[in-house]
Amino acid sequence: MLTNAPKGTKDIMPDQVYKWHYVEKKWKEICERYGFKEIRTPMFEHTELFQRGIGDTTDVVQKEMYTFNDHGGRSITLKPEGTSPAVRAFLEHKTYAEVQPTKIYYDIPCFRYEKPQSGRLRQFHQFGVETFGTPNMVADAEIIAIGYDFLTEMGVTDLTLEINSVGCPVCRANHRTALKEFLKPKYDQLCDTCKSRYEKNPMRILDCKSPIDQALVEGAPMMLDYLCDECKEAFEELKENLEAMNIPYVVNPKIVRGLDYYIKTAFEFVTNSIGAQGTVCGGGRYDNLAEEVGGLPIPGVGFGLGKERLLMLMEANGVEIPEPRICDAFIATMGKDAKLFGQKLMRDLRKEGIKVQMDDLQRNFKGQFKYADRIGAAYTIVIGDNEMQMGAANLKNMETGEQVEVKFEDLAKAIKEK
RNA sequence: GUGGGUAUCGGCAAGCGGUUAAGCCAUCGGGUUGUGGCUCCGAUAUGCGUGGGUUCGAAUCCCACUACCCACCCCA
């Protein structure tokens, strides 16, 4: 029991971390290529930030947050997402007083108390980007472009970009009224889930998986038809920008966001190849969020991208992530003198930046070779009585089997050359 | 929160009520004190998720619990 990680958490073991390093490095590279800077916010925030930011009625806030009181009586919550904390930091540090827009990226753990399943964990990790300070659709398109380029460069193929506009509070309310009006006479026929969605989030009914509900929803008023002039224009601009950048998309009028702060642009990169949780990246615009959490009205747009889901998708797509070599040279020794000398040699070579290892288990000579092979050493340096006398080691290339005598002082150079 | 599935060595896995629980991979040791990957030999579960029960006898049947997986919901 004590030797089990808590439900919904996963260890990333040493033989797997290189994959994480790989995507993290690429993520940093691409964000910086786009002119974004990294931000690091705390692991936890005041609970109220999320209640106000994400929205009191959302599932995330109502039943999924890891919330506790600290010893000072403050209600604290492990962050379930990255946008609200980023906005909070932007406001707190009055970054709006600097040249705008502000473009940031991050790489964070998130915590949500959910029932784990494929692609869904209680502690998961996401990459994110946010652009603050511009209401212009150019920013939305740029955010989407980062996601598109990143995913593409990671070798992911079976992925679709779906976009939608969820309108603004005004047009969304109109649509909601019209939709409920439309659904009212059919209410009794809806599935139980949708009955509960009727009041809370009727837009979700449009996306119900039940074929019965799908039929009932036929001809229902769609958000896109209810957009006000401003929102409609914005959506057109977004599409124009995406087309100009050659980013393929499909309009999915059924995309709904579960976080209250989204307005206008909503988008998702979705796949079918990693199970039911197919959204690898999702985001949108949130012009009212800053004000909602008590700050100035600062427009923003961004996305979150699930690292675990990305890794799953890469695996499903057969993307090969190169495993770095952990040992350039293994020093195999015979006899005590050689072993002690090997210790010194190992230190010298390590100072040269070479990855060197020796036996830690008192293996016999043959065992040392076997071990060198197992850990994938590129070279084995052999030192015994003969070598000690000659002042040169036998350097064996483990791949070709080729062996040469190399003076101790020339070893670093010889190994680095290949 | 609601469903469904699975639990035998580090990994994969046979076993389907009857003497000592297959096998493969991995690991460790060895094949005459100096060279790995191939090959050969040997070692490694008194134990079958946990606790009860049925039975002369259970990994094999029943019950409960627990863990993990998958799906709904929701989302990254």
Side-chain angles (χ1 to χ4, degrees), chain A residues 1 3-10 13 15 54 58-64 79-83 107-128 147 151 191-194 196-197 200-201 204 207-210 255-259 262 266-271 274-283 302-313 330-335 338 361 363-388 393-403:
Chain A
M1 196 44 192
T3 56
N4 275 115
K7 196 181 186 72
T9 65
K10 277 238 184 341
M13 296 304 283
D15 63 336
I54 299 172
T58 59
D59 277 10
V60 172
V61 169
Q62 282 194 338
K63 45 190 195 195
E64 295 174 2
K79 61 183 170 197
E81 56 102 35
T83 300
D107 175 358
I108 57 169
C110 291
F111 306 87
R112 292 185 199 170
Y113 187 84
E114 296 194 85
K115 193 137 176 187
Q117 73 186 71
S118 181
R120 201 173 68 186
L121 293 165
R122 290 185 175 175
Q123 178 181 342
F124 61 102
H125 303 264
Q126 51 174 246
F127 293 132
L151 262 1
C191 72
D192 290 347
T193 306
C194 283
S196 73
R197 291 201 266 228
K200 204 178 125 192
N201 199 348
R204 285 226 176 266
D207 209 15
C208 183
K209 290 183 180 75
S210 154
I255 293 184
V256 182
R257 306 268 65 194
L259 281 49
Y262 286 111
F267 65 89
E268 291 182 358
F269 287 90
V270 297
T271 178
I274 57 169
Q277 309 303 316
T279 302
V280 177
C281 173
F303 70 65
L305 190 156
K307 272 160 92 173
E308 284 85 355
R309 290 184 189 176
L310 169 64
L311 259 357
M312 286 168 79
L313 183 57
F330 184 89
I331 300 176
T333 63
M334 294 216 57
L361 282 178
R363 279 180 234 261
N364 60 25
F365 191 62
K366 186 180 182 144
Q368 294 180 47
F369 253 92
K370 211 165 188 168
Y371 181 73
D373 182 57
R374 285 236 80 102
I375 64 173
Y379 288 97
T380 298
I381 296 166
V382 176
I383 304 173
D385 294 342
N386 300 344
E387 287 76 11
M388 293 293 283
N394 177 296
L395 182 66
K396 179 170 184 172
N397 181 319
M398 294 298 276
E399 205 175 321
T400 64
E402 175 195 5
Q403 298 183 50

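The shown structure was predicted, so the numbers you read here are calculated from the model rather than taken from an experiment. Chain letters run A, B, ... following the sequence lines, proteins first, then strands; residues in each count from 1.
Where A:D207 and A:I383 meet RNA chain B, the nucleotide closest to each residue was compared, and A:I383 sits on the side nearer the 5' end. Nearer to the 5' terminus of RNA chain B, by closest-nucleotide assignment, is the contact made by A:Y113 (compared with the other of A:L305 and A:Y113).
Residues passing the side-chain contact (heavy atoms from CB on, under 4.5 Å) test with A:S196: none are found, sequence neighbours excluded. In this view, A:C208 and A:C191, A:C194, A:R197, A:S210, A:D213 satisfy the side-chain contact (heavy atoms from CB on, under 4.5 Å) rule, not counting sequence neighbours. Checked against side-chain contact (heavy atoms from CB on, under 4.5 Å), A:Q117 has the following partners two or more places apart in sequence or in another chain: A:R120, A:A276, A:Q277. Under the rule for a side-chain contact (heavy atoms from CB on, under 4.5 Å), the partners of A:R363 that lie at least two apart in sequence or sit in another chain are A:D359, A:L361, A:Q368, A:Y371. In this structure A:T58 satisfies the side chain to side chain donor-acceptor pair (under 3.5 Å) test with no other residue, sequence neighbours excluded.
Shown here, B:G42 forms a base pair with B:C28; the pair counts as Watson-Crick or G-U wobble because both key distances fall under 3.5 Å. B:U35 is unpaired under the criterion used here, namely a Watson-Crick or G-U wobble arrangement in which both key atom distances are under 3.5 Å. Nucleotide B:G1 forms a pair with B:C72, judged by Watson-Crick or G-U wobble geometry with both contacts under 3.5 Å. Across the strands present, B:C65 finds its partner in B:G49; the criterion is a Watson-Crick or G-U wobble pair with both atom distances under 3.5 angstrom.
Among the heavy atoms of the strands lying under 4.0 Å from A:N364 are primed sugar atoms or P, OP1, OP2 only; no base atom is included. Contacts of A:E268 with the nucleic acid, taken as non-hydrogen atoms under 4.0 Å apart, are absent. A:V382 comes within 4.0 angstrom of a nucleotide base, judged by non-hydrogen atoms across all strands. Within 4.0 Å (heavy atoms only), A:A372 reaches no atom of the nucleic acid at all. A:Q403 comes within contact range of at least one nucleobase, with a heavy-atom separation under 4.0 Å. Within the 4.0 angstrom heavy-atom criterion, base atoms lie near A:R112. Nucleic acid contact for A:G119: base, since at least one base atom lies under 4.0 Å from a heavy atom of the residue. Using a 4.0 Å heavy-atom distance criterion, A:R120 is classed as a base contact. Within the 4.0 angstrom heavy-atom criterion, base atoms lie near A:K115. Within 4.0 Å of A:K10, counting heavy atoms only, lie sugar-phosphate atoms of the nucleic acid but no base atom. Residue A:L310 is out of contact with every strand shown, counting any heavy-atom pair closer than 4.0 Å.
A:I375 has its CD1 atom 17 Å from the C1' atom of B:A26, to the nearest Å. Atom CG of A:D59 and atom C1' of B:A76 are 15 Å apart (whole Å). A:M312 places its CE atom 11 Å from the P atom of B:C69, with the value rounded to the nearest Å. The nearest whole Å value for the distance from the CG atom in A:N397 to the P atom in B:G36 is 15 Å. Rounded to an integer number of Å, the gap from A:F369 CZ to B:U35 P is 8 Å. Rounding to whole angstrom units, CZ of residue A:R363 and C1' of B:U27 are separated by 10 Å. Protein atom NE2 of A:H125 is 12 Å distant from nucleotide atom C1' of B:A76, rounded to whole Å. One can place CD of A:Q62 at 17 Å from P of B:C73, the figure rounded to the nearest angstrom.
A donor and an acceptor atom sit less than 3.5 Å apart, one in the side chain of A:E387 and one in the base of B:G34. A donor N or O paired with an acceptor N or O is found under 3.5 Å between the base of B:G34 and the side-chain atoms of A:N386.
Within the 4.0 Å cut-off from OP1 or OP2 of B:G3, not a single side-chain nitrogen or oxygen of A:Q117 is found. Taking 4.0 angstrom as the limit, A:S118 places a side-chain polar atom (N or O) nearer than this to OP1 or OP2 of B:C70. Regarding contacts with the backbone of B:C68, a side-chain N or O of A:K7 is found under 4.0 angstrom from either OP1 or OP2. At B:C74, one or more side-chain N or O atoms of A:R197 fall inside 4.0 Å of OP1 or OP2 (strictly under the cut-off).
When all heavy atoms of A:M334 and A:A338 are compared, the pair lying nearest together is O-CB, 3.2 Å. In plain terms, the two heavy atoms of A:I108 and A:C110 that are nearest each other are CD1-SG, 3.7 Å. Across all their heavy atoms, A:F365 and A:V382 have their closest contact at CZ-CG1, 3.6 Å. A:F124 and A:P80 get closest at one heavy-atom pair: CZ-O, 4.2 Å.
Rounded to the nearest Å, the gap between the C1' atom of B:C48 and that of B:U8 is 4 Å. Comparing the same atom, C1', in B:A58 and in B:G53 gives a spacing of 12 Å after rounding to whole Å. Separating the P atom of B:A64 from that of B:G3 is a span of 14 Å, rounded to the nearest Å. Comparing the same atom, C1', in B:A59 and in B:G1 gives a spacing of 35 Å after rounding to whole Å. B:C70 sits 30 Å from B:A45 when the C1' atoms are compared, rounded to a whole Å. For the C1' atoms, the distance linking B:G34 with B:C25 amounts to 30 Å, nearest Å. On the C1' atoms, B:G18 is 12 Å away from B:U55, given to the nearest whole Å. If you take atom P in B:C62 and the same atom in B:U54, they sit 15 Å apart, rounded to whole Å.
Out of B:A76, B:C72, B:G34, the shortest distance to the side chain of A:R309 is found at B:A76. For A:Y262, whose side chain is taken as the heavy atoms from C-beta onward, the closest listed nucleotide among B:C74, B:G34, B:A76 is B:A76. Among B:A76, B:C72, B:A26, the nucleotide with an atom closest to any side-chain atom of A:Q277 is B:C72.
Stacking between A:Y371 and B:G36 is absent: the aromatic ring centre is not both under 5.5 angstrom from the base six-membered ring centre and within 30 degrees in plane angle.
Ion pair A:R257/A:E268 flagged as a salt bridge, since at least one NZ, NE, NH1 or NH2 atom sits closer than 4.0 Å to an Asp/Glu carboxylate oxygen.
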Base versus backbone protein contacts along nucleotides 37-45 of chain B [heavy-atom cut-off under 4.0 Å; B, S, -]: B--------
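Counting only N and O atoms by type, the side chains of A:N394 and A:Q403 include a donor and acceptor under 3.5 Å apart.
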